[in-house]
Amino acid sequence: MDKVYDQKTVEEKWYQSWEKKGYFQPEINPNGKPYAIILPPPNANGDLHFGHAMFTIEDILIRFHRMKGEAALWLPGEDHAGTETQFVFEKHLSKLGKSRFDYDRATLYKMIYEFVEENRGKIRNQMQRMGFSLNWDRLKYTLDPDIVKVVYKTFKKLFDDGLVYRTNRLVNYCTKDGTSFSDLEVIYEERKDPLYYIKYGPLVLATVRLETKFGDTAVAVHPSDKRYKKYIGQELEIKTVSGKTKLKVIADKAVNPEFGTGIVKVTPAHDPNDFEIGQRHNLPMIQVIDYSGKLNEKCGKFAGLRVKKARSVIAEAMQEKGLIEKVDYDYTHRVGICYKCKTVIEPLPLEQWYIATKSLAEKALKVVKNNEVKIFPINFEKIYFNWLENIRDWNISRQIVWGIQIPAWFCESCKKWTVTEGETLDTCLHCNNSTLKQDSDTFDTWFSSAQWPFATLQTTKPGDFEKFYPTSVMETGRDILFFWVARMIMLGIYVTGKIPFKDIVLHGTVLDPLGKKMSKSKGNVVNPIEIANQYGADAIRFALVYGTAFGHDQSLSHPKLQAMRKFTNKLWNIGRFIIDFAPENAKHLDSTGIPNINKKSQDDKQILDNLSKTIKTVTQAINSYRFHDAADVLYKFIWHEFADKYIESSKDRRSEVQPILEYVFRTCLELLHPFMPFITEELWQKLPHKEDSIMITKWPETRIPAN
RNA sequence: GGACGGUUAGCUCAGUUGGUUAGAGCGCUUACUUGACGUGUAAGAGGUCACAGGUUCGAAUCCUGUACCGUCCACCA
């Protein structure tokens, strides 16, 4: 053995042979009880990033349960990631001087498909580099025909049950990306914008959005606001930049009398609040901004201007006519922006498919309240409850081509919609005319992701669903608790009648070394594969769980990685001492695996005793998702008890205690294996052993007779 | 406006139901390195556990409040 541990050769050595021998298949323990984790499917088009390195937690669980003799299945998947991928592709197009408008739907789809195919598999290699024991035979892709079929079926069922409906209301629209988004995909930013106090007839009101004034259909005050009581119900004549117009004054409790002058202009087509006021008062909707973010023909001479430009041009025109009383330039408010391209989100009226979430959310709440589904750490329960209790209906239509096209057909003759399970319709089921047109929109990616646990297990191998559903654990980042986890519970229960998983385990975020969130725009993204190449995959895996309470954020720390690299070197040298430097006359561990020596000293008894305690603690810690406890105990025991004390003190009786050294060390490797798969396999192979691999040897606790 | 997390040695962080002199890694000091260890071992310096109250025989740990940092949720024009 080399004096210094060379992680590169060792870590390249084992993965393929493990996979070839079928260790990643649950069938390796045919009679074990089922234990399943569905991998949160990474973007098929992407690279491994640090969030994915946290899959280590899932690998620890899977390897641990596999060693306990369970039929452990870790099911890999890849996500087509609709908007994400299409936007990446559009960037790629723009570098070529093209845009999505240069192609028809089918061509664009085909191009993106090929673009993704070129990159698929890249991330697979990277996950293998990390040692993830995923069952690749069962790999699923969100665009696999059988998955798509499941998604269609769910949509049809929802439609038939009246839980999917189509309606025209304001959506969060990104005029740059050309699609609507769900509420979750809008992020808010504090912005400073001028607040204009404008004259509306005899009244003065405050607004930021001057450019929507062409869409005003009323002026509103609070019903009990004494200042304006006499105006309620009146029709005001208003002088504007383009002539005179008339607006009615209405009373609505949504108006805050404290803000501005206590008066608002009501623009139902361009503001969510105003939309609701409009509904209550039967106001007409006048759309004055189009889907490209420009004022339309209703705005007279301002037509064609982009919103931002229009605002300043109109302000100038109004100043000239003396229609602006004052401007507050220090006004800050929160503005919704596109999470992807940071464009200001425009609330625009658009017909979309919605899921009625109320009844689904109630059930999703109940299963967590009943403890049928448990969330770790527990404080996320409150956040989960809060979201579901206030949930709004979910817009699942997206105006992009990359994704699953919605299987709904509109009949031009009878103006009715028909939904199918994916079959193409030739004639309308309502009126028999053949004037059908399929909805050009695609599903929100999260709509298909929300079905992932059952969609995958129903389409892998016969019997998988019956055996592994509900799965044991859903382990993922806490940032997608709403996007994904809550929705999986809602749709999982709805479609299968059962919860999709029993435990939800949420890990924290890995931040950059300065404690900032990693992001491409900040340029502080670190590639975990490079870290693995530098320190070893085992070291990075251990570093991710060691020293930070599970569930908390942590900063990437090079000193810590260095320390973990040293730990692997320490392990290597313990192995070298025990194996290479064994005296020639030494006894060895026999096939029973229990060290059988005549006279045990106090030291011997103590190390064996402490080993048992370590086994117990590590087992308990993993069972309760306290991975940092397990790592800490292992590190301390191996280095500071076994190496520093026991090995040192036993050097005089070396040949006598060799079996104990071998036994304790081998057990340590087994306990460490879920955390550090590569080095433990390498060293374990050099010690006396029975099974072919440490991966399939029995977890130490299961071998200890109860006492 | 709500909610959650954090605040412990110079730095990065542990500290599960409250219990003897508060821990680790890195860094620092001093010796050793005699048969495994790009080193390792042994010993050591270093903390008013954010702040203010309270409960208790006893609090980093429980309760109340405050400050600062971070995150999430919410339609304030």
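So that the names make sense, note that chain A is the first sequence line, chain B the second, and so on, each numbered from 1. Remember, predicted model here, so these are calculated numbers, not experimental data.
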Describe the nucleic acid contact of [X] in one word from base, sugar-phosphate, nothing, applying a heavy-atom distance below 4.0 Å.
X       : result
Y5(A)   : base
H558(A) : nothing
D644(A) : sugar-phosphate
F275(A) : nothing

For atom [atom1], what is the distance between [N] and [M], given to the nearest Å?
N       : M       : atom1 : value
rC76(B) : rC4(B)  : C1'   : 23 Å
rG25(B) : rG40(B) : C1'   : 16 Å
rA14(B) : rG6(B)  : C1'   : 14 Å
rU7(B)  : rU17(B) : P     : 15 Å
rC75(B) : rG15(B) : C1'   : 44 Å
rC37(B) : rU21(B) : P     : 40 Å
rC51(B) : rU56(B) : P     : 23 Å
rG47(B) : rA60(B) : C1'   : 11 Å

[X]/[Y] ion pair, N-O < 4.0 Å:
X       : Y       : value
R653(A) : D604(A) : yes
K369(A) : E389(A) : yes
E346(A) : R209(A) : yes
D252(A) : R280(A) : yes
K229(A) : D225(A) : no

Separation of [X] atom [atom1] from [N] atom [atom2], in whole Å?
X       : N       : atom1 : atom2 : answer
F577(A) : rU41(B) : CZ    : P     : 14 Å
R478(A) : rC72(B) : CZ    : C1'   : 9 Å
N573(A) : rC37(B) : CG    : C1'   : 3 Å
I263(A) : rC76(B) : CD1   : P     : 21 Å
R169(A) : rC75(B) : CZ    : P     : 14 Å
R626(A) : rA14(B) : CZ    : C1'   : 10 Å
H552(A) : rU8(B)  : NE2   : C1'   : 14 Å
Y635(A) : rA14(B) : OH    : P     : 16 Å

Checklist entry - Under 6.0 Å between the ring centres of Y546(A) and Y635(A)? => result yes
Next on the checklist: Under 6.0 Å between ring centres: does that hold for Y331(A) and H333(A)?
Outcome noted: yes
Checklist outcome for this item: With Y625(A) as partner, the option from F64(A), F550(A), F376(A) fulfilling ring pair (Phe, Tyr, Trp, His ring centres under 6.0 Å) is F376(A)
Reckon [X] has a side-chain N or O less than 4.0 Å from the OP1 or OP2 of [N]?
X       : N       : result
H628(A) : rG15(B) : yes
H333(A) : rC76(B) : no
Y331(A) : rA77(B) : yes
W387(A) : rA3(B)  : no
K566(A) : rC26(B) : yes
H270(A) : rC75(B) : no
R209(A) : rA77(B) : no

Mark yes or no for a side-chain to base donor-acceptor pair under 3.5 Å between [X] and [N], with no hydrogen or angle criteria applied.
X       : N       : answer
E648(A) : rA36(B) : yes
K382(A) : rC4(B)  : no
N273(A) : rC76(B) : no

Looking at [N], which nucleotide sits across from it as a Watson-Crick or G-U wobble partner, both distances under 3.5 angstrom, or is there none?
N       : value
rU66(B) : rA50(B)
rU39(B) : none
rC11(B) : rG25(B)
rU56(B) : none
rA77(B) : none
rU34(B) : none
rA45(B) : none

From the set [options], return the single nucleotide nearest to any side-chain atom of [X].
X       : options                   : value
K3(A)   : rA14(B), rC37(B), rA36(B) : rC37(B)
K651(A) : rA36(B), rU12(B), rA77(B) : rA36(B)
T207(A) : rA77(B), rG40(B), rA36(B) : rA77(B)
K570(A) : rG40(B), rC76(B), rC4(B)  : rG40(B)
R392(A) : rG15(B), rC75(B), rG40(B) : rC75(B)

Item to check | Along RNA chain B (nearest heavy atom to each residue), the more 5'-positioned of N379(A) and F550(A) | outcome: N379(A)
Checklist entry - Between S557(A) and M564(A), which has a closest nucleotide on RNA chain B that is more 5'? => result S557(A)
Item to check | Residues, nucleotides or ligands: over 12 heavy atoms within 6.0 Å of K226(A) NZ | outcome: no
